Number of protein chains: 2
Amino acid sequence: MTGVVARDYAVRAVVRAARLLELLRASEGGAPLNELAASSGLAKASVFRMLRTLEGLGFVERPDGSDTYRLGVRCLELGQAYLEQTDLRREALPVLERLRDRFDETVHLGVLDDEYRVVYLEKLDSTQAVGIMMSRVGKTAPSHCTGLGKALLAARDGDPVGALVERGALRRYTPNTIHRPAELRRELTRITRRGYALDLEEHEPGVRCVACAIDGPSGSAVAALSIAGPAQRVAEESLRGELAAAAREAAREIGLRLGAARREVAS
Amino acid sequence: MTGVVARDYAVRAVVRAARLLELLRASEGGAPLNELAASSGLAKASVFRMLRTLEGLGFVERPDGSDTYRLGVRCLELGQAYLEQTDLRREALPVLERLRDRFDETVHLGVLDDEYRVVYLEKLDSTQAVGIMMSRVGKTAPSHCTGLGKALLAARDGDPVGALVERGALRRYTPNTIHRPAELRRELTRITRRGYALDLEEHEPGVRCVACAIDGPSGSAVAALSIAGPAQRVAEESLRGELAAAAREAAREIGLRLGAARREVAS
DNA sequence: GTACTGCGTTTCACACAATGAAACGAGACC
DNA sequence: GGTCTCGTTTCATTGTGTGAAACGCAGTAC
């Protein structure tokens, strides 16, 4: 899926609309017409029509009647509906809760989006040290330097590292960030072999975690979960040992539940 | 959808794509192609192309590779971005927190979407009796029988009640629901006059609340806040008295902060 | 005051993108 | 094997989305 759509199917106007929404998402607190026209590379008139269409649909709004466009409430409604509808989250929740309670560390559930970013679907906070991690449901994070991300990349077929390189996504966030393609590829094979991914302060300084991919009914990974905590509390040995084992077991259980849920629907 | 866009500007393909997303949102856990084709009234081939386009963009996904389409992660990302970008929420939060702490009752912040539904932007739970209300950030609720909704409808110009009638939205949820247009109109004038809206178990049995509209810099209402609690704890007199006063004051303060924030940006 | 500049808006003729009918193929069911 | 139903593909047609350019309206400079 390096192209936007499998075949040459692709309704151009819709792709363009999505591009504008993405620009608005990236832009802090909205952008004026001209800016969007410039950065999208489309004609001003086209952008104008698009934005007005999106505004009428609630995907975009202009505070009172000003000239700066920002994302609209409709986006929130859809996002919330997505969360409610995904059975992944529903099935995973009890398992994640047990995991959190057992170690009292922060637990995450996440997937990759089409840009190879990690998107958090669930976050269960540890009772200790709440708020040191900047993760949050719906937020995105880079995949090459997070536990969730690396676990999911390792489970992808094709050449995810290549895709990341193309996008110039291999930024360095901390001294530990693996930012060289070759090294990242080695790391991914290692992850596949041992069945879990580590993040040793590669994204946020002071935060370590262990993550495992969750296999869906079809056998391929549909999500991943992680257990994360402050570096001074979680030793690398415990990450590799007890925590990794617990994470793998939890991932396996969620996978089974997903299969069961699917079969139930089918019947 | 009495006219999706002001003039005749409206990119048809985008409007159609939005219609499909809305259908998926309403449908529990996804829908197959044929169903979407039927309920959207579009040709099967068109729906097919649309869905594939949306899938490529991440707005829609198919679990493994099945035939049922559901909303995709991209929706969640946008929704989260919307929440983070709106300065309404940012400015309101500290004020709402004070309000919640003062009475230890659940506090809401919400807006109307383009279909005249209430959308919750923030919910601060009371420490007592958590979970009796089904509200949640990003969820929608009817406007004619909620405090937030009525406060916002009352502040709208035009004929919001007429719009609700057209949509057949005046459903009855409890014996107390105001479902007659004429009566609702009277209620709205009453609300405008006294400056706050009540919900006396009109939406959820056992839940009462008082709500006030928040005026943005331009003077018109941009949102509303409410204080809600179980009927047996919050007496109607205290709703009309102490709580209403506190809600009005909080709404006023948020309005001022919004004005200030806007002016800051402008400078 | 005028000239200028930067913005959102509108117009318009053209081109080709999006469309839907219909044909196709795969799988399930009987 | 026949007959459904469903997703997929093809293809000719047309009307939709397009961008260049013109417009109008601010604000600013001078």
Side-chain angles (χ1 to χ4, degrees), chain A residues 1 3-21 23-24 27 30-57 59-70 72 217-218 262-263 265-267, chain B residues 3-21 23-24 27 29-57 59-70 72 218 263 265-267:
Chain A
M1 248 187 254
V4 175
V5 152
R7 243 184 165 66
D8 57 322
Y9 309 120
V11 182
R12 194 179 52 158
V14 174
V15 176
R16 290 176 167 195
R19 202 185 314 164
L20 289 178
L21 289 176
L23 284 172
L24 284 177
S27 171
L33 177 60
N34 262 340
E35 194 177 315
L36 290 170
S39 50
S40 69
L42 301 175
K44 204 169 44 160
S46 303
V47 175
F48 176 72
R49 247 174 298 117
M50 272 295 169
L51 287 173
R52 282 304 169 85
T53 305
L54 289 171
E55 186 184 15
L57 295 164
F59 282 95
V60 148
E61 52 192 36
R62 289 176 295 164
D64 52 272
S66 76
D67 302 334
T68 40
Y69 293 87
R70 34 172 69 194
S218 71
R262 179 68 50 78
R263 254 167 264 124
V265 172
S267 69
Chain B
V4 175
V5 155
R7 239 180 166 68
D8 57 325
Y9 309 119
V11 182
R12 195 178 52 159
V14 174
V15 176
R16 289 177 167 193
R19 202 185 314 167
L20 289 178
L21 289 176
L23 284 171
L24 284 177
S27 171
L33 177 63
N34 261 339
E35 195 177 315
L36 290 170
S39 49
S40 68
L42 301 176
K44 204 171 39 161
S46 303
V47 175
F48 176 73
R49 246 175 296 115
M50 273 295 170
L51 287 172
R52 282 304 169 83
T53 305
L54 289 170
E55 187 184 15
L57 296 163
F59 283 96
V60 147
E61 52 192 37
R62 290 176 294 162
D64 52 274
S66 77
D67 302 333
T68 40
Y69 293 87
R70 34 172 71 193
S218 71
R263 254 167 264 126
V265 172
S267 68

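Per chain, numbering begins at 1; letters A, B, ... match sequence-line order. Predicted model only: the values in this text are computed from it and were never measured.
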Exercise for review: Quickly work out the B:Arg16 CZ to D:dG15 C1' distance and round it to whole Å.
Suggested key: 11 Å
Exercise for review: Please figure out whether A:Val14 or A:Arg62 has its closest DNA chain C nucleotide nearer the 5' end.
Suggested key: A:Arg62
Review point. Between CZ of B:Arg16 and OG of B:Ser40, what distance do you get to the nearest 0.5 Å?
Key: 8.5 Å
**Study point:** B:Lys44 (side chain) and C:dG20 (base): donor-acceptor pair under 3.5 Å
**Key:** no
List every contact pair, protein side and nucleotides 25-29 of chain C side both N or O, where the distance is under 3.5 Å.
none

**Study point:** N or O in side chain of B:Arg49 less than 4.0 angstrom from C:dT19 OP1/OP2
**Key:** yes
Review point. When rounded to the nearest 0.5 angstrom, what is the spacing between CZ in A:Phe48 and OG1 in A:Thr53?
Key: 9.5 Å
Check your understanding: So what does B:Ala13 hit on the nucleic acid, given a heavy-atom distance under 4.0 Å: a base, only sugar-phosphate, or nothing?
Key -> sugar-phosphate
Exercise for review: Look up atom CZ in B:Arg19 and atom CE in B:Met50, then write down how far apart they are to the nearest 0.5 Å.
Suggested key: 9.5 Å
**Study point:** For A:Ala31, side-chain contact (heavy atoms from CB on, under 4.5 Å) partners two or more places apart
**Key:** A:Leu24, A:Ser27, A:Glu35, A:Leu36
Check your understanding: Whole-Å distance between D:dT18 P and A:Leu51 CG?
Key -> 12 Å
Exercise for review: Could you tell me the separation between the CD atom of A:Glu61 and the CG atom of A:Leu51, rounded to the nearest 0.5 Å?
Suggested key: 12.5 Å
Practice item. From the options C:dT9, C:dT11, D:dT18, select the nucleotide whose nearest atom is closest to the side chain of B:Val11. Key: D:dT18
Exercise for review: Might you work through the side-chain contact (heavy atoms from CB on, under 4.5 Å) test for A:Asp67 and A:Leu33, ending with a clear yes or no?
Suggested key: CA-CA 7 Å; A:Asp67 302 334; A:Leu33 177 60; over 6 Å; no
Check your understanding: Tell me, which of residues 31-40 of chain B have any heavy atom that sits under 4.0 Å from an atom in DNA chain D?
Key -> B:Pro32, B:Leu33, B:Asn34
Check your understanding: Roughly how many Å is it from CD in A:Glu55 to P in C:dG8, rounded to a whole number?
Key -> 13 Å
Exercise for review: Return the minimal non-hydrogen interatomic distance between A:Val11 and B:Ala13, and the atom names on each side.
Suggested key: CG1-CB, 3.6 Å
Point to revise | D:dG15 phosphate, OP1 or OP2, under 4.0 Å from B:Arg12 side-chain N/O | key: no
Point to revise | Whole-Å gap separating P (C:dA18) and CG (B:Leu20) | key: 15 Å
Review point. Are the charged groups of B:Glu55 and B:Arg62 less than 4.0 angstrom apart, N to O?
Key: yes
Review point. What is the distance from CG of B:Leu42 to P of D:dT16, rounded to the nearest Å?
Key: 13 Å
Check your understanding: What is the distance, rounded to the nearest whole Å, between atom CZ of A:Phe48 and atom P of C:dT11?
Key -> 11 Å
Revision key, fill the gap. side-chain contact (heavy atoms from CB on, under 4.5 Å) test vs A:Tyr69 passes for just one of A:Val60, A:Leu23, A:Leu20, namely A:Val60
Exercise for review: Output yes when at least one side-chain N/O atom of B:Arg52 is less than 4.0 Å from OP1 or OP2 of D:dT8, else no.
Suggested key: yes
